Amino acid sequence: MDILSCIDKILARRSIRKYKKEPVTLAVKEKILEAGRQAPSASNKQPWHFIVVDAQAAKEKLSGGRWSGFVKDSSFVVIGVSLPFDDTSRKWGIVDTTIALQNMVLAAEVQGVGSCWIGDFKEEEVKREFGIPKEATVVAVVPFGLPDEKPGQHAKKPITEIVHMEKW
Ligand SMILES: Cc1cc2nc3c(=O)[nH]c(=O)nc-3n(C[C@H](O)[C@H](O)[C@H](O)COP(=O)(O)O)c2cc1C
């Protein structure tokens, strides 16, 4: 894929909440996870952990919220977890893990796989259900799957409102 079509894909990305039944292939899934592994992190500390959830019953456990009901229909889910172990990772762990998850979202997008960030989860319940250490932070839940919808463009703020040249 050339640079322009890669940028076009990033610009056209939308959150996908309807998925085909057909699963994402292992090769594509591995590329998505590798994109997370290769993400930048403060002082290269990589304080992230990713739980890959394929099992239907477990996906259903992540679908209980008002804004997460569709998670169960995804091909697989990644739970992004920050487990800090020093001052740098305590300061930057959530940012690092967020960057890694978004790398996965974009790696999925360029391979034709849709995804949606999910903030609608109960952290303590997710920790208990998936055996996540209590000192960790569950950053987000991201379901992935072959898109079965084409959502329209969401309104985004104009560039002039959010980009400040030289000073605010
Ligand atoms: C941190 C975060 C949490 C989100 N949580 C949810 C969620 O719980 N359920 C949901 O359907 N969408 C969720 N979204 C998706 C946003 O609603 C979506 O990104 C936004 O409306 C812009 O749409 P777009 O992604 O198609 O550009 C979340 C996005 C982010 C970044």
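Just so it is clear, the model here is predicted, and its values are computed rather than measured. Just so you know, ligand 1 is whichever comes first in the structure, and atom 1 is the first atom listed for that ligand.
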| Donor-acceptor contact present, side-chain Gln56 to main-chain Lys72, <3.5 Å | yes
| task | Show the numbers, then the answer: is there a side chain to side chain contact (heavy atoms under 4.5 Å, CB included) between Asp86 and Lys45? | result | CA-CA 9 Å; Asp86 64 3; Lys45 296 287 168 113; 2.4 Å; yes
| Step by step, would you call Asp54 with Lys29 a side chain to side chain contact (heavy atoms under 4.5 Å, CB included)? | CA-CA 11 Å; Asp54 287 302; Lys29 186 199 252 182; 2.8 Å; yes
| request: May I ask you to check whether Ser5 and Asp8 show a side-chain donor-acceptor distance below 3.5 Å? | output: no
| message | With side chain to side chain contact (heavy atoms under 4.5 Å, CB included) as the criterion, how do Leu83 and Glu135 come out once you've worked through the C-alpha distance, each side chain's angles and the decisive distance to 0.1 Å? | response | CA-CA 7 Å; Leu83 182 61; Glu135 63 272 26; 3.7 Å; yes
| said: List the protein residues in contact with ligand 1, where contact means a heavy-atom separation under 4.0 angstrom. | reply: Arg13, Arg14, Ser15, Arg17, Trp67, Phe70, Cys116, Trp117, Ile118, Gly119, Asp120, His154, Lys156
| request: Step by step, work out the side chain to side chain contact (heavy atoms under 4.5 Å, CB included) result for Phe144 and Ser75. | output: CA-CA 6 Å; Phe144 292 88; Ser75 174; 5.7 Å; no
